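In what follows, a single structure is set out as structure tokens and then discussed.
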Amino acid sequence: MSHEYVPEIATDREGNEHVVQGWQGDFYGGKLGFWMFMLTEVLMFGAMFLVLAYYNTLHPQDFIDASASLNRWLGGTNTVILLVSALTMGLGLLKMRVGDVKGAKLMIWATILLAAVFLIIKGFEWTAEYNHGIFLMHDKLLVGTENSLPFGQKLFFGMYFTMTGLHGFHIIIGIGLMLWLLKRINAGKVSQDHHILYWNIALYWDIVHLIWVFVFPYFYMIGAGGVTGGH
Amino acid sequence: MDTNTIDYKKERAGYYKVLIGLLLLTAVTFIQPHLFMTESNFLAQMLIAVLKAWMILMYYMHLKGEKLIIWMVWFALSIVLVFFIIVIGIDVANFNNAAGSYITSAPNAN
Amino acid sequence: MSKTYFDETHCAIGHPKSTFMQWMLTVDHKRIGLMYAAVMFTFFFVAVFTALLMRFELFAPGQQFIDGPTFNQAFTLHGVIMIFLFIIPGIPAIFGNIVMPLMIGAKDVSFPRLNWATFWLYILGCCVALASLFIGEGVADTGWTFYAPYSLNTDTNVIMALTAAFILGFASILTGLNFLVTIHRLRAPGMTFFKMPLFVWGIYATAWIQLLATPVIGITLILAVMEKYFGIGIFDPSKGGDPVLFQHLFWIYSHPAVYLMILPAFGIMSEIIPTFSRKEIFGYRTIALSSASIAGIGYLVWGHHLYTSGMSDVAKSVFSFLTFFVAIPTGVKFYDWIATMYQGKIVLSTPMIWGLGTIITFAIGGITGITITMIGVDIHLQDTYYSVAHFHYAILGGVVFLMFAGMHYWFPLITGKMYKETHAKAAFYIQFVGFNLLWFPMFIAGWYGMPRRYFDYLPEFQIYHQVSFYGALIFVSGLIYMFWTFYRGWTKGEPSGTNPWNATTLEWHMPSSPPPLENHSKVPYVDFNPYEYHHGEPVVKFNYETMQRID
Amino acid sequence: MSNKLEGFSTSASTFNADLDFAFWLHIWLSVGLFLSVVVPMIYFAWKYNANKVKNEDIGKVTHNTTLEILWTLIPVAIMMLFFYYGNTTMKMFRTMPAEAQSLVINVEGSKWKWKYTYPANASGHVHEVGGVYKKPVMNDDGSIKEHGTMGISALYVPKDTNIILKMTAPLSDVLHSYYIPAFRTKQDVVPGRETTLWFNANRVGSYDVECAEYCGADHAYMYSKVVVMEKADYEAWYNSNKGDTPKGDFPKDGKSLYASNGCASCHSIDSDTILVGPGLKGIGAKYDSEYLANALTNPDKDVPEGFYPGIMPTFKFSDEDLKNIVKYMETGK
Ligand code: HEA
Ligand code: HEA
Ligand code: CUA
Ligand SMILES: [Cu+2]
């Protein structure tokens, strides 16, 4: 790809010239493509929310009880962490667009750091739940034992681990993408004029955040009213 | 989107403003169950989430002014919405034979 | 010719010298399309083989050659290959890749390297599916629908089949994404949406379904895997899950998927009819918009597969009502095609007779679809051979037939050669007769109550199965004959020239046939409609050096 | 009890007339729609064939508003008619009669047999019938060599009475579907859910029942019969206290239990061949009776190596039956 792309010109019958959009260097096309990819994420999580809502309708009280037993303060902290990381990501992109490569890299590192903290907190949370006997294939989530939770709660936690797990998986991928982005920046492949990759990874990070915006209240907050919450 | 004509200061300020908005909404999330709409907690929480999502989409994800993409996002969202209306609103809401079915009225284990 | 990208080899990685590696690494949409064709064609014969195996087994009641479990694996393999490996990627991956960019005057798709990666993802999916044949308990025996809880209980390789379907689904999403961006961004200057050929409209509508329905099946399969390994309880009734929810999620994708198959096929029909009627198409806009509305309504009707599953009665009525509205735009398309023929000059070349044959068979397939969307009637016919016959008429007599029509139509474009028309026509008639013999008796058997997925049946049904068996033999011999004709055409055929059919769309305005590496020598300016004929001759003519209009 | 296979095209319930009317109305209108497409197509292909048309005569019509409106609105009207008939027939199938005026029978579908439990009769006896279907064996001339089990595994119902079936499947089982072609009705049987089906048969006779939802190896053999009897005959049987079926003896020894509960489709009794579950040859020597009884009532507890839990259904037997079947496994008698 060493040689520069020269846009083609098409000429109509009056002799007017029209610039042809090639696939190379098509910033808007790249963005459009990535948005479409994100729509598939919306449908994927949309379908999982559908499953969640399905059982929520069948077992409303169980869902509230189960939600009430989650640790809202850890969840809330993670929400704030993701909020701030979305900011650092955005600021980094902004810096890149005005040519401040160093600042941009710093911001990416900050985002990675925040993402790691998010995962660590998540880890604490899951461990605590494990110790309370709530984990996949474990104690209270097994069926037919003395400790078994009622169906509604079991389904709630099943989806909780699936969805937060998948969300966590997205965070891990995001960290990988950011490390790769740093490498591309160092190699000079991503720059002020050519930052579609950066742009798209920033979008990716935002959608990871966006998913959390719904995951968080659905799991942590629906049981917050009236009943005493927390551990 | 033009890369060359951006006002760094203005955009940065924009980012911070949105952040503050989001943080505020997060705080509201926490106080809502004790403050207002306590009867329809679920609805309140989802409304706040939608508000937050809207801010992220428009400002962080730069959707403002992107006609084509906004149209696509609406399209995808309305499809998801239809799934919800049909499956939850129509099918589950009219669940046949709930009383005799195990999955809806199982004996609690404890 | 201006050099615009990469180098002569157009490869994703490096500049390999050997022709073989150049093909393997190619980003050229035409080559990728051809490779898809080669692979699908291979799998296709595996599926045809299992189909024949089933027909042999069903020749008489009682066990003939294979036992029940093997039969169950046979129809699963048949269904999975036909649906996920062959017909869903089918027309978009082959003709979408080969001709869609040519039709809009683009040099390639928007993300050529992604296109290349998608192809290999598809191959990976195929390999996983194949591997499940040989590992452990063998290929899944759940039917292509993977209904829970059976799929959670059986010890055959369901997980591998699900993984394969997931990977293939992903490949499908990426193809759709690529085409959508291509159609939005890379149309030649002047070509507005309503100046696009109708095949491009078909691909466009399809791509939206690929993009927005496939993720649902993806996540469903993931949930099934989570269920199997971690017992989260979503679909397993003993853990409180509801098997009917699985059916909802499955059909939320798989119903739109049937329109994903048929829409590009309708696109092919809309190319063929005006070309061989030498006349501008009747109702261009209604055809284009009906593709879009079929795709849209197609999202709302999945429940017609659940009429007897235990879904609530209210939901049944709603789904039935909505389903009827798919028939309207489809009917409009049919009437528009027929109206195009009115006062035309109809050339009955092979692609045209395939097209006209399909109007008959798909009309039967579609109308019997209407039968089973009348809820009461479906309560009787659900999961009988009536519905099996319906979808073979729709898929085989609709999608596959139109794919064959497309193969005959674009054969000269792709190979630069011409097959022998007499042979090709004979092959059509054999297949047409064979096909109707194969599937029509099954409507009757279904009405009398012959359930599907039965490896043995009550003696009453023998006569229908036997007629069907002979039909299958005739059909497959016609099929082989057709491929032999293609093969002869490719190796020994006469050169065809660039525009043997007197067609109007851009893919026929090439400097050479087959088209050169970067397609049109220059990008044309499009200020004309796709099917402009005057007195039976294409209106628009080009100087192939400069791509300037010279008419 | 005869094992003649019958009852497909027959019309034997109150549903048939309405449903068949809806179907044939649809078919004839559809033939019309089909012809409205295919006849002009063939006519045009002949009339405007290339060798008859001069280039100058090619027409230019690309729009005709009247026609376009017609071929949108007429199909819409026809579709609404179809919807109406589809929906009313669905209502007919799905509107359950009042339970007080009907006979409610519980149905359990499991791999691969149907079982029917009747409400207790006046003396408190509960009839339980049903079981696995075995095909009759035919001679070459079509006469019956060996009777199958159709007769004894059937559902017995009185004529001209509303029958409600409350159906479910064991939790560890899979989907089935109860399909009576002669009554034009079917309904899936879903583990964990209760589904219902009703009918009112108006002709004495016996009609085939098939499983119409794929359920594994013996899906194609999950038959049963509905036997419609005169009310008086039915009452006489129902009020008797024998566990027999009205039309034949239903033996209760271990061997018959083994056959009618479908064990044979998964276990070979006299060899080590693995069908679905392990072969049971010599099983009595390996385990004590308690273990064997447990293997039936709680199969997921001790799963032999190489097999998975969740495949073998959980059985509920009366103590006596359980003793008999365990004895059969141990001794072959
Ligand atoms: C290419 C694939 C394809 C297509 C295009 C269709 C098209 C349609 N299908 Fe089909 N269908 C399948 C593939 C397809 N189907 C498959 C694979 C299954 C079974 C899956 C399984 O269970 O394994 C299935 C099953 C299936 C069922 C469930 C059956 C059951 O399990 O009981 C139903 C029920 O409503 C249905 C309805 C329809 C309808 C109403 C259409 C409509 O879109 C048809 C519209 C077309 C026409 C109406 C004909 C053309 C129009 C005219 C000639 C004009 C005049 C006519 C009128 C206005 C009526 N289909
Ligand atoms: C694309 C879809 C497709 C196609 C083409 C076919 C083709 C055939 N099928 Fe079908 N079939 C299914 C999809 C398809 N099938 C599905 C989804 C099921 C349900 C499975 C389930 O229950 O889970 C099914 C089930 C099914 C059954 C019922 C099993 C049962 O319920 O017990 C039977 C029985 O005979 C059968 C037979 C046949 C036969 C004889 C053909 C023959 O017509 C085959 C002859 C071959 C062709 C007509 C193809 C020719 C095409 C090419 C050569 C392509 C060339 C390729 C390139 C150029 C790339 N099929
Ligand atoms: Cu039971 Cu099929
Ligand atoms: Cu469908």
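Computed from a predicted model, the values in this text were never measured in an experiment. Lettering follows sequence order; numbering is per chain, from 1.
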**Request:** Flag the one option from B:Phe95, B:Phe30, B:Phe83, B:Tyr16 with the top tally of heavy-atom pairs under 4.5 Å to chain A.
**Result:** B:Phe30
**Prompt:** From B:Arg12 CZ over to A:Leu94 CG, what is the distance, rounded to the nearest 0.5 angstrom?
**Reply:** 8.5 Å
**Message:** Less than 4.5 Å to any heavy atom of chain B: does that hold for the side chain of A:Asn56, its backbone, both, or neither?
**Reply:** side chain
**Pairwise side-chain contact, B:Ile69 with A:Lys31, heavy-atom cut-off 4.5 Å (strictly under)** = yes
**Fill in**
One should read off an interatomic distance between B:Leu57 CG and A:Asp206 CG, to the nearest 0.5 angstrom, of 8.5 Å
**Item:** Which portion of B:Leu23 sits near chain A, non-hydrogen atoms under 4.5 angstrom
**Value:** both
**Prompt:** Counting heavy-atom pairs under 4.5 Å to chain A, which of B:Leu25, B:Val87, B:Leu81 comes out on top?
**Reply:** B:Val87
**Request:** Look at B:Ile79, B:Val50, B:Val18, B:Ile48 and state which one has the largest set of heavy-atom pairs under 4.5 Å with chain A.
**Result:** B:Val50
**Prompt:** Say you draw a straight line from CZ of A:Phe216 to NZ of B:Lys52; how long is it, rounded to the nearest 0.5 Å?
**Reply:** 7.0 Å
**Message:** Please classify the contact between B:Thr29 and chain A as side chain, backbone, both or neither, with a heavy-atom cut-off of under 4.5 Å.
**Reply:** both
**Prompt:** Are B:Leu68 and A:Tyr28 close enough, and set up right, to give a side-chain contact (heavy atoms from CB on, under 4.5 Å), and what steps lead you there?
**Reply:** CA-CA 11 Å; B:Leu68 179 64; A:Tyr28 191 78; 3.9 Å; yes
**Request:** Nearest 0.5 Å please: distance from the CG atom of A:Leu87 over to the CG atom of B:Leu19.
**Result:** 5.0 Å
**Rounded distance [0.5 Å steps], OH in B:Tyr15 versus CG in A:Leu93** = 5.5 Å
**Nearest-0.5 Å distance that lies between atom CG in B:Leu22 and atom CG in A:Leu82** = 11.5 Å
**Request:** For residues B:Phe42 and A:Tyr218, establish whether the separation of their ring centroids is below 6.0 Å.
**Result:** yes
**Message:** Looking at every non-hydrogen atom in both residues, tell me the closest pair between B:Phe84 and A:Ala53 and how far apart they are.
**Reply:** CE2-CB, 3.7 Å
**Request:** Might you point out which heavy atoms bring A:Phe214 and B:Ala53 nearest each other, and give the distance in Å?
**Result:** CE1-CB, 3.6 Å
**Prompt:** Heavy atoms, side chains only, cut-off 4.5 Å: are B:Val73 and A:Trp35 in contact?
**Reply:** yes
**Prompt:** Side chain, backbone, both or neither: which part of A:Met38 has a non-hydrogen atom closer than 4.5 Å to chain B?
**Reply:** side chain
